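Predicted, not measured: the structure shown is a model, and the values here were computed from it.
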Amino acid sequence: MALTAVKGFNDILPEESGRWQYIEQTARRVFELNGFGEIRVPVMEKTELFCRSIGDATDIVEKEMYTFTDKGENSVTLRPEGTAGVMRAFIEHKLYAQDPIAKLYYMGPMFRYERPQKGRYRQFHQIGAEITGVNDPLADAQVLNMLTAFFREIGLTEPTLQINSLGCPDCRPAYRTALRSFLQERMAGLCEDCKRRFDTNPLRMLDCKVPGCVESTVGAPSVLEHLCKGCDEHFSAVRRYLDHSGTPYSINSRMVRGLDYYTRTTFEMVTGLLGSQSAVAAGGRYDGLISQLGGPAIPGIGFAMGLERVALLLGNQDFGTQPDLFIATMGAGERDVAFRLMDGLLKAGIRVEMDYEGKSLKSQMRRADKLKARFSAVIGENEVASGKTSIKRMADGIQTDAALTVAGIQSLVMKSEQ
Ligand code: HAM
């Protein structure tokens, strides 16, 4: 049987990787502008890290982790998300000792054993950013503005930002009680998962997509009406800062997150263009996580976006891996000249391709078309003798004379980029 990739694990082929690099480069540029530095952490961690951070009663920990015992009898897990590992590293290396305010970003593969479909995979990639050490709602607003700036810079008007507050350990228990007493009378209409969630994680019931559960939760109490004074003021300040910046958002008080570490502000960037996989990016505040993992009482906030989902939204645009110039030769005699010219142009940073196989001029030009070269030049005996060639712009066929030198061709190709 032919060997294929594991289900839900994808290859990113060269035709797609230009788009991926564009997304990654845009994120690096926007994040670094905001003072974030890159952190690279392992793809595998001790299983306990994810149980203690994401939460034992979440779908991720209950059903979706790639957990196994290694040869040393240790339980290890392929990371299902980035925040836990980044905070583990923050604590382990005592990054807070120099400065409790750390601005960290990361990108790489994550692993969840979910049912694969468009926009949902078992190996997927996140680009994430986290700020530690700031309680002030300014940090929430900066993170949200940065995420909004990323989507603006990349040229997407979808997705749109939704925000909510999930309260804190002081006010959430009362909300949970209010929600439970509302749902208690509607238990008959709930799915089996939600019946279980009633005891373990009732907020997740608001997020269930099963029609009976959606119907049963209509009119459920709103978390925003149960916030304590501190959480309420925090949420108002976040909104005020977003208004100051002109950042568009809407409030979705039914938004709950699939990870237990969140406190106060939570958010998602949602789209209607990817079917049921509507969240393109998501995150929130996690003021208790660092201490929960054995570190000092330092707050945090951050987000992660799904690279595959951003790539799907960008669609099949061209991301510029095509050559600037294709050099065709009339005969074997000109190949030395063409090769030297290609070598010089490559050293000058111009993307050049030439014929490698001594093919006919016609098939060389077909290849120039196939590679989507911006310009082509033909070199024959006459060009070598005169020291001149004519450079054809492939889009409209317009020809311009140029000296058969690196400088002559370079200036023409560069000029047309401006
Ligand atoms: P999350 O909501 O679980 O949050 O994932 C963030 C994003 O990762 C989602 O919005 C989605 O775009 C993408 N994603 C998740 N699962 C899949 C999948 N199976 N296939 C494709 N894309 C997927 C977190 O992971 C948090 N760590 C975010 C965060 C950072 N919160 C604070 N800081």
Nearest heavy-atom contact between V352 and L346 is N-CD2, 3.8 Å
Looking at K118, Q117, E308, which one forms a side chain to side chain donor-acceptor pair (under 3.5 Å) with Q277? Q117
Here the gap from D136 atom CG to I131 atom CD1, rounded to the nearest 0.5 Å, amounts to 11.0 Å
Neighbour count >12 (heavy atoms, 6.0 Å) for atom CZ, F339: no
Does Y66 have more than 12 heavy atoms from other residues, nucleotides or ligands lying within 6.0 Å of its OH? yes
Between K195 and F198, is there a side-chain heavy-atom distance shorter than 4.5 Å? no
Heavy atoms from other residues, nucleotides or ligands near CZ of R112 exceed 12 (cutoff 6.0 Å): yes
How long is the straight-line distance from OG1 of T67 back to CE of M44, given to the nearest 0.5 Å? 10.5 Å
Can you tell me how far apart OG (S53) and CZ (R88) are? Round to the nearest 0.5 Å. 11.0 Å
Non-hydrogen side-chain atoms of R264 and V238 separated by less than 4.5 Å: no
Could you check whether any side-chain N or O of S278 sits under 3.5 Å from a backbone N or O of T271, counting only pairs where one atom can act as donor and the other as acceptor? no
Heavy-atom donor-acceptor pair, T329 side chain to I379 backbone, under 3.5 Å: no
Would R120 and F124 count as a cation-pi pair here, with the cationic atom under 6.0 angstrom from the ring centre and within 45° of the axis? no
Around E48, counting heavy atoms of other residues, nucleotides and ligands shown, do more than 12 lie under 6.0 Å from its CD? no
Please give me the minimum heavy-atom distance between I91 and I290, naming the atom from each residue. CD1-O, 3.5 Å
Does Y22 form a side chain to side chain contact (heavy atoms under 4.5 Å, CB included) with L314? I'd like the steps, not just the answer. CA-CA 10 Å; Y22 171 66; L314 278 177; 4.0 Å; yes
Are T58 and D260 close enough that a side-chain donor and a side-chain acceptor fall under 3.5 Å? no
Under a 4.5 Å cut-off applied to non-hydrogen side-chain atoms, are L259 and Y286 in contact? no
Gap separating the CD1 atom of I12 from the CH2 atom of W20, nearest 0.5 angstrom: 3.5 Å
Indicate yes or no: does R285 engage D140 in a salt bridge with an N to O separation below 4.0 Å. yes
Test of understanding: with side chain to side chain donor-acceptor pair (under 3.5 Å), list the residues that count as partners of T400, not counting sequence neighbours. none
Validation row: N145, L242 side chains within 4.5 angstrom (heavy atoms): yes
Tell me, do E81 and I60 make a side-chain contact under 4.5 Å, heavy atoms counted? no
Carboxylate-amine/guanidinium contact D369 R366, below 4.0 Å: no
Charged N-O contact under 4.0 Å between R197 and D207: no
With sequence neighbours excluded, what pairs up with F50 under the ring pair (Phe, Tyr, Trp, His ring centres under 6.0 Å) test? none
Side chain to side chain, M87 and Y261, heavy atoms closer than 4.5 Å: no
Looking at E62 and R196, is there a salt bridge between them, counting it only when a charged N and a carboxylate O are closer than 4.0 Å? yes
With a 3.5 Å distance limit and no angle check, can you tell me whether D11 reaches the backbone of L13 through a side-chain donor-acceptor pair? no
Output yes when R257 and E268 qualify as a salt bridge under the 4.0 Å nitrogen-oxygen rule, no when they do not. yes
On a heavy-atom basis, which atom in P159 and which in L313 lie closest, and how many Å separate them? CD-CD1, 4.1 Å
Heavy atoms, side chains only, cut-off 4.5 Å: are L190 and M187 in contact? yes
Will you find, in the side chains of E32 and Y105, an N or O donor that is under 3.5 Å from an N or O acceptor? yes
For F303 and F31, take the angle between the two ring planes, folded into 0 to 90°, and tell me which bin it lands in: parallel under 30, tilted 30 to 60, perpendicular over 60. perpendicular
Taking Q292 for the side chain and R52 for the main chain, is one N or O donor matched with an acceptor at less than 3.5 Å? yes
Is a donor on one side and an acceptor on the other found under 3.5 Å between the side chain of E353 and the backbone of A368? no
Residues M205, R186; criterion side chain to side chain contact (heavy atoms under 4.5 Å, CB included); working and verdict: CA-CA 12 Å; M205 298 163 83; R186 295 165 175 80; over 6 Å; no
For the pair T47 (side chain) and S75 (backbone), establish whether a donor and an acceptor sit closer than 3.5 Å, ignoring hydrogens and angles. yes
As a quick check of understanding, evaluate side chain to side chain contact (heavy atoms under 4.5 Å, CB included) for K392 and S376, giving each step before the final call. CA-CA 5 Å; K392 177 166 136 187; S376 66; 3.8 Å; yes
Does the ring of F9 carry R122 above it, NZ/CZ under 6.0 angstrom from centre and within 45° of its axis? no
Expected output: side-chain R309 to main-chain A279 donor-acceptor under 3.5 Å: yes
Correct closest heavy-atom pair for P202 and L179 would be O-CD2, 3.7 Å
In Å and rounded to the nearest 0.5 Å, what is the CE to CZ distance from M354 to F326? 8.5 Å
Who passes ring pair (Phe, Tyr, Trp, His ring centres under 6.0 Å) against F150, sequence neighbours left out? none
The test is side chain to side chain contact (heavy atoms under 4.5 Å, CB included); show your working for F111 and V43 and say whether it passes. CA-CA 9 Å; F111 306 86; V43 294; 4.2 Å; yes
What pair of heavy atoms forms the shortest contact from N135 to D287, and how long is it? OD1-OD2, 4.2 Å
Is there a side-chain contact between I251 and R239 in this structure, where contact means two heavy atoms from C-beta onward sitting under 4.5 Å apart? yes
Measure from the side-chain N and O atoms of R254 to the backbone N and O of T217, and report whether any donor-acceptor pair falls under 3.5 Å. yes
If you count the non-hydrogen atoms of other residues, nucleotides and ligands that lie under 6.0 Å from CD in E158, is the total more than 12? yes
Within this structure, what is the CG-CG distance for the pair L412 and D401, rounded to the nearest 0.5 Å? 9.5 Å
Distance-minimising heavy-atom pair for I39 and Y106: O-CB, 3.5 Å
Is any side-chain N of the basic residue among E233 and K229 closer than 4.0 Å to the acidic one's carboxylate O? yes
